[in-house]
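Shown next, in structure tokens, is the structure this report addresses.
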Amino acid sequence: MSLYKGHLAGGSFAFVIYLVVLIVFFAYKPSFEVLTWFGLCILGSIWPDVDTNSMGQKLFYGFFIVLDSVFLLTGRYKEAAVLGFFALLPVVAKHRGWTHSLSAAFLVPSPLLVLPLIKPGIHLGGLEYYIPVVVGYLSHLILDRQFKLY
Ligand SMILES: [Zn+2]
């Protein structure tokens with residue numbers, strides 16, 4: 001079991017820094033949407049450990065099973081197959097493999113950028129959701145010393 005509590009704390013700290021930057025440099029006035037951003041940042045901070053037995057793996061794969069079941073029960077087999085394929089990718093890799101790379105920090109949350117473009121009616125995703133996930137993801141990589149900052 002990985003040290004997910006450390007990543008939760010690191011993700012929380014990174015989010016506070018992100019929020020301070022928004023307030024100080026971009027004159028952002030916090031509202032309730034900050035709670036959604038915080039949740040996304042926390043999810044980003046535990047995602048990289050889906051490649052090993054971890055709290056993140058249990059959380060995300062629990063969600064994948066529920067979502068895949070919904071796809072199968074509603075006859076959306078193409079979506080179920082795509083989800084199943086992408087859900088397999090982390091578990092066939094070694095721990096601290098591609099999920100702990102800088103490129104993954106920007107690519108894994110990219111559906112949040114693409115989804116509003118291909119399904120504009122959904123009103124889900126966009127840069128405001130993408131950045132908090134990347135912030136959380138990067139906090140994980142820093143804490144795992146992938147960047148060798150300390
Ligand atoms: Zn990790």
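For ligands, and for the atoms within them, numbers begin at 1 and follow the listed sequence. Keep in mind that the numbers below use all heavy atoms, side chains included, and drop hydrogens, waters and symmetry copies.
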| query | Does the ring center of W47 lie less than 6.0 Å from the ring center of F60? | reply | yes

| query | Is the closest basic N to carboxylate O distance between D144 and R96 below 4.0 Å? | reply | yes

| said: Suppose we only count N/O/S atoms under 2.8 Å; would H7 qualify as near the Zn ion (ligand 1)? | reply: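 Not a single backbone or side-chain N, O or S atom of H7 is under 2.8 Å from the Zn ion (ligand 1).
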
| query | Picking from L73, T74, L72, what satisfies side chain to side chain contact (heavy atoms under 4.5 Å, CB included) with R76? | reply | T74

| OD2 (D144) to the Zn ion (ligand 1) to OD1 (D49): angle, nearest 10 degrees? | 170°

| message | Please give the atom name: the N, O or S atom of H100 nearest to the Zn ion (ligand 1). | response | NE2

| message | Looking only at side-chain N and O atoms, does H95 offer a donor or acceptor that is under 3.5 Å from a partner on H100? | response |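 No, no side-chain donor-acceptor contact under 3.5 Å.
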
